[in-house]
Amino acid sequence: MGGKIRIGALISGGGSNLQAIMDACENGMISGEIVFAGSDNPAASGLEKIRSRRIPTFVVDYGSIIKQFKKGPDKAVLPEDFDLDDVLAKQSLFATDSDPEKVRNFLMTRAVAEAKLLEAMEPYTFDLLVLAGFMRNLTPYFIDRINTVPGSLRIMNIHPALLPAFPGIDGYGDTFRYGCKVGGCTVHFVDYGEDSGPIIGQAAYEITADDTIETIRAKGLKLEWSLYSNCVRLFAEGLLQTVRMTHPLKNGRTYERTVVKITLPPKK
Ligand code: GAR
């Protein structure tokens, strides 16, 4: 990839990962620039820090959209190009035996919010969208409108656990409560499931007897900053490729998965 890549970001909270990526862009480690930062949460403290760097921000208040939907789902204005059957067929956020009404309501509410996100992002062209502590699941409605080139994924997420262990909203808490002796964080491309997309990078830390949930969170977050910046750097340098792999299993079946291959840069 020649020249600087343009990076959009979505956050929900403190935005320390986005700050690390911004620093890495500013100091030249990543050949890129942040072109906008959006949030689902009007109170996200990271927004102020980003505005102070003169990066445009916007908020799509998911909380009030969800409240509104609960009051009168029939009155919710679904995007014109929303196709419930298509999104239902693609999504893997919910298991097949989930309550169908709950699933439909979730996908419809999110489509209302996601259409507003897409509208707010419309003025910016970007190569990569980073989810930096964005605490909302994205649905196929949104994902398909970002990943428009077949086979080329361009939404990245950081998760505070060593996936595929402990997906969900409290990776560090889950790791600690389980009694793991090693914890970590994972950067992956986003697919139609929850924290299930192809893994780009992982970093691990040791958990000792005197660790608490707070010390684990602090150790993990520090690792996240360098891991995320490094994965964005690999993307900016065009070194990430996704490939479909098929492996034979002992039971005669096969295991298939899309994985990330990292090309090593040529030796100088
Ligand atoms: C980070 O620990 C990130 O891994 C986690 O939220 C925190 C955000 O911190 N993300 C998730 O749990 C996503 N499911 P930050 O706002 O300071 O970057």
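Just so it is clear, the structure is predicted and the values come from calculations on it, not from any experiment. Whatever order the structure lists ligands and atoms in, that order sets their numbers, starting from 1.
Salt bridge present: Arg53 and Asp23 bring a charged side-chain N and a carboxylate O closer than 4.0 Å. Between Arg145 and Glu114 there is no salt bridge, since none of the side-chain N atoms of the basic residue sits less than 4.0 Å from a carboxylate O of the acidic one.
Smallest separation of non-hydrogen atoms from Arg6 and Thr125: NE-O, 2.8 Å.
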Does ligand 1 have any N/O pairs with the protein under 3.5 Å, and how far apart?
| unit_1 | atom_1 | unit_2 | atom_2 | d |
| --- | --- | --- | --- | --- |
| ligand 1 | 2 (O) | Glu224 | OE1 | 3.3 |
| ligand 1 | 2 (O) | Glu224 | OE2 | 2.8 |
| ligand 1 | 4 (O) | Glu224 | OE1 | 2.8 |
| ligand 1 | 4 (O) | Glu224 | OE2 | 3.1 |
| ligand 1 | 16 (O) | Gly14 | N | 3.4 |
| ligand 1 | 16 (O) | Gly15 | N | 2.8 |
| ligand 1 | 17 (O) | Ser16 | N | 2.8 |
| ligand 1 | 17 (O) | Ser16 | OG | 2.6 |
| ligand 1 | 18 (O) | Ser16 | N | 3.3 |
| ligand 1 | 18 (O) | Asn17 | N | 2.9 |
| ligand 1 | 18 (O) | Asn17 | ND2 | 3.0 |

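Val182 belongs to a hydrophobic cluster whose remaining members, ordered by chain and number, are Leu162; membership requires side-chain heavy atoms of ILVMFWY residues under 4.5 Å apart, directly or through intermediates. Apart from Ile207 itself, the hydrophobic cluster it occupies contains Tyr172, Phe176, Tyr205, Ile213, Ile216, Leu223, where clustering links Ile, Leu, Val, Met, Phe, Trp and Tyr at side-chain heavy-atom distances under 4.5 Å.
Take Met135 and apply the side chain to side chain contact (heavy atoms under 4.5 Å, CB included) test, not counting sequence neighbours, and it matches Ser12, Ile169.
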